[in-house]
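This report refers to the structure that appears directly beneath it.
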Protein chains: 2
Amino acid sequence: MAGIKDVAARAGVSVATVSRVLNGHSGVRDDTRSRVLSAMAELRYRPNAVARSLRTDQTRTLGLIISDVLNPFFTELARAVEDAARSRGYSVVIGNADEQLALQDHHVRTLSDRRIDGLLVSPADGDSAVLREAVRSGIPMVFVDRWIDGLDVPVVRADGREAVRDLVAHLYALGHQRLAIITGPVATTTSNERVDAFRSALCEHGLPLPAPYIGQGDFRTASGRRVTSDFFGLPEPPEAIFATDNLMALGVMDELRRRGLRVPDDMALAAFDDIAWFPHTDPPVTAIAQPTAELGHRAVAALTDLVEGRSADSVTLSAHLIPRRSCGEDERSRR
Amino acid sequence: MAGIKDVAARAGVSVATVSRVLNGHSGVRDDTRSRVLSAMAELRYRPNAVARSLRTDQTRTLGLIISDVLNPFFTELARAVEDAARSRGYSVVIGNADEQLALQDHHVRTLSDRRIDGLLVSPADGDSAVLREAVRSGIPMVFVDRWIDGLDVPVVRADGREAVRDLVAHLYALGHQRLAIITGPVATTTSNERVDAFRSALCEHGLPLPAPYIGQGDFRTASGRRVTSDFFGLPEPPEAIFATDNLMALGVMDELRRRGLRVPDDMALAAFDDIAWFPHTDPPVTAIAQPTAELGHRAVAALTDLVEGRSADSVTLSAHLIPRRSCGEDERSRR
DNA sequence: ATACTCGATGTAATCGATTCCACGCGTGCA
DNA sequence: TGCACGCGTGGAATCGATTACATCGAGTAT
């Protein structure tokens with residue numbers, strides 16, 4: 001493949017000049033510039049981004065580490081991130097951590113080795129030495145959706161507390177008293193926030209949240225099935241389940257269907273994260289929607305600020321409840 | 001950040017020796033090796049992949065260009081690709097073409113400039129000069145799912161003809177006579193294959209496929225809504241709609257719900273590509289499932305063969321019908 | 001003792017760009 | 001006429017690795 005030297009030779013100039021026209025520097029005579037340009041065209045020259053990166057120490061690439069590509073929330077986020085990045089002239093490389101620390105570490109290492117300009121992370125469960133080391137090394141980084149306490153990294157996220165309170169009120173108004181929740185991995189901030197908000201909202205209504213009603217999930221479908229099954233093993237199973245993400249809600253539905261049970265009659269269901277299919281499920285599931293695309297855009301804005309030497313602040317947006325029919329009928333959702 | 005020279009200095013050896021231990025070459029005395037190793041650890045040295053790539057002319061990175069990240073089929077594919085690639089020591093960078101030629105071209109150019117080792121493409125509609133140029137330039141490439149005729153590039157895909165025939169037979173047995181289809185972009189091979197198979201299966205049953213029953217879609221949700229709406233503008237609307245991908249099926253359901261119509265009573269529905277939510281929609285939708293993960297694995301196997309100098313053949317797997325209730329009840333799907 | 005081999009290591013070229021500095025030449029001003 | 005200046009351009013160092021080739025010392029065969 002043709003290199004800058006070939007272009008220089010063909011245009012009868014030095015590589016320095018070719019480089020200048022390549023980068024749009026001024027101070028190249030017009031006729032020289034056009035000679036270079038046509039040499040490039042004739043040779044179908046394309047600059048080698050690897051060489052350029054080595055020299056300039058920037059790759060114009062952002063890394064995005066998400067917890068699960070199969071989760072529509074994250075894929076929507078990824079899409080928004082890519083759009084925002086592209087419009088700023090960056091590419092994005094996605095690493096799928098699959099909710100596993102080891103995989104997450106693998107990706108932060110690989111991406112750092114590739115010298116990406118900045119890293120967007122939605123950290124998996126647990127504390128990662130590799131991630132801490134990465135921030136210590138000074139890579140521009142911002143957390144999206146989830147974060148790790150005690151690290152001086154801006155966080156772009158949606159606060160779901162208010163929406164969870166609304167949800168509990170909704171459930172309560174519909175007459176449900178025994179409310180259970182399925183959590184994400186223990187150390188994820190989003191999971192903890194949702195559980196805390198759930199517990200205190202319950203408390204406001206004078207409802208308890210007994211330990212067996214807190215099902216330990218991991219944000220993946222299978223855990224939704226398992227926890228649901230466990231709930232039915234209880235002497236007094238709950239009347240409603242709040243799945244803290246959409247994949248676990250799917251698991252709940254799988255298990256319910258396997259047992260021949262119906263939503264909401266046999267069990268009410270609500271999910272965190274709204275997805276396109278929820279209006280069409282049987283019944284439509286009430287969910288808490290996050291401003292996913294905006295999360296992605298803001299995260300990229302913050303990260304590019306950091307990358308380009310500006311400072312960046314954390315941003316907190318908010319989520320909202322979308323009542324449908326999976327918790328029962330009330331005046332709002334009936335038609 | 002520490003470089004190879006720093007390590008060499010600290011270990012009291014030359015950079016050549018450091019490089020040798022880095023790459024596991026033999027012919028380094030054990031004590032030298034361990035001196036180097038501890039120097040690396042002390043400096044938290046990480047090799048610069050950019051520099052290495054420049055020198056060795058390989059990036060250990062594969063590109064994957066898909067038509068739409070929001071389509072669960074492609075995200076499942078992406079996930080399988082990433083897994084397979086990682087286990088072979090490659091990273092993958094995903095480009096989302098969003099069914100737009102211009103975006104696809106942007107990504108093939110960007111990825112080529114970055115000198116990725118090979119490219120996996122599920123080409124968007126239409127003929128791309130940029131893509132042709134890329135294959136002509138000799139980048140190892142394989143097509144997944146979709147392909148472009150006339151290019152000497154291996155194709156890894158699933159043949160859906162048989163399954164489409166089964167689907168038509170299923171529909172026919174259920175008493176539907178006026179069958180319509182929603183296509184993808186005109187030049188996509190998968191769309192054409194599905195339409196052709198649909199037409200000839202119809203023919204086998206002595207059924208016509210009038211032009212107005214061929215709705216022009218683009219594999220995205222909005223087009224499913226639009227085409228469905230058009231169908232209802234017909235003097236004689238169809239009784240069944242076959243959406244050639246899952247996103248358009250979602251669009252059909254959106255539109256049907258907007259009109260207050262029910263599946264399958266008012267309209268039967270089937271989709272190409274099975275997704276996890278289909279068993280839970282109202283009603284569960286009949287779909288044709290592809291061996292998505294295997295597609296991804298085989299594609300990576302073929303591509304790495306090419307990258308590593310071996311030859312690669314096309315592979316064709318097959319899809320199969322999963323009858324549920326969205327086309328009506330028969331002995332197979334009733335329970 | 002001489003020459004030769006072999007193992008361990010170092011020196012320097014190289015990959016393809018960017019960029020600092022210097023150079024030559026024409027112009028304007030003293 | 002001489003000098004400074006600016007413009008357009010070229011030469012060469014540089015980024016951080018890999019690797020062909022050179023070197024050096026010790027051991028071995030003759």
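First the proteins, then the strands, lettered A, B, ... as listed; each starts at 1.
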* Indicate, with a heavy-atom threshold strictly under 4.0 Å, whether A:G27 touches base, sugar-phosphate, or nothing. => base
* Looking at the side chain of A:K5, which of C:dT9, D:dT19, C:dC15 is the nearest nucleotide? -> C:dC15
* Asked: For B:R115 and C:dG16, what is the distance between atoms CZ and P respectively, to the nearest whole Å?
  -> 8 Å
* Kindly point out which of C:dG10, C:dT19, D:dA17 is positioned nearest to the side chain of A:H25? => C:dT19
* Asked: CZ of B:R114 versus P of C:dC15: gap in Å, rounded?
  -> 23 Å
* Structure fact -> From CD of A:Q58 across to P of D:dC15 the rounded distance in Å is 17 Å
* Asked: Rounded to whole angstrom units, what separation is found between the CE atom of B:M40 and the C1' atom of D:dA17?
  -> 11 Å
* Closest listed nucleotide, where the reference is the side chain of B:A16 and the choices are D:dG10, D:dT19, D:dG16 -> D:dT19
* Asked: Between D:dT18 atom P and B:R60 atom CZ, what is the distance in whole Å?
  -> 14 Å
* Asked: Nearest to the side chain of A:R29, which nucleotide is it out of D:dT18, D:dC15, D:dT9?
  -> D:dT9
* Asked: NA contact type, A:T17, heavy-atom cut-off 4.0 Å: base, sugar-phosphate, or nothing?
  -> sugar-phosphate
* **Straight-line distance of B:T188 OG1 to B:D245 CG, nearest 0.5 Å** => 9.5 Å
* Distance in Å, B:Y45 OH paired with B:I4 CD1, rounded so as to fall on 0.5 Å steps -> 4.5 Å
* To do: Show your reasoning for whether side chain to side chain donor-acceptor pair (under 3.5 Å) applies to A:R115 and A:S53.
  => CA-CA 9 Å; A:R115 299 302 194 265; A:S53 292; over 6 Å; no
* **Nucleotide D:dC15, atom C1' - distance to CG of B:D6 in whole Å** => 13 Å
* Rounded to the nearest angstrom, tell me the gap between atom CD1 in A:I4 and atom C1' in D:dC15. => 15 Å
* To do: Look up atom CG in B:D125 and atom CG in B:D218, then write down how far apart they are to the nearest 0.5 Å.
  => 9.0 Å
* To do: Take B:R20 and B:N48, find for each the nucleotide of DNA chain D with the closest heavy atom, and name the residue whose nucleotide sits nearer the 5' end.
  => B:N48
* To do: Please name the residue in the list A:Q100, A:R146, A:Q104 that meets the side chain to side chain donor-acceptor pair (under 3.5 Å) test with A:S67.
  => A:R146
* Please work out if A:N23 contacts a base, only the sugar-phosphate, or nothing of the nucleic acid, heavy-atom cut-off 4.0 Å. => sugar-phosphate
* Check whether any side-chain nitrogen or oxygen of B:T56 sits under 4.0 Å from OP1 or OP2 of D:dA17, and answer yes or no. => no
* Starting from P on D:dA17, measure out to CG on A:D113 and report it in whole angstrom. => 10 Å
* Between D:dG10, D:dA17, C:dT18, spot the one nearest the side chain of B:R52, thanks. => D:dA17
* Out of D:dT19, D:dG8, C:dT19, whichever nucleotide has its closest atom nearest the side chain of A:T32 -> D:dG8
* To do: Could you tell me whether A:V18 contacts a base, only the sugar-phosphate backbone, or nothing, with contacts defined as non-hydrogen atoms closer than 4.0 Å?
  => nothing
* To do: Using a cut-off of 6.0 Å, state whether more than 12 heavy atoms not belonging to A:D127 lie near its atom CG.
  => yes
* Assess whether one donor atom and one acceptor atom, taken from the side chain of B:R55 and the base of C:dT14, lie less than 3.5 Å apart. => yes
* What does A:V13 touch in the nucleic acid at a heavy-atom separation under 4.0 angstrom: a base, only the sugar-phosphate, or nothing? -> sugar-phosphate
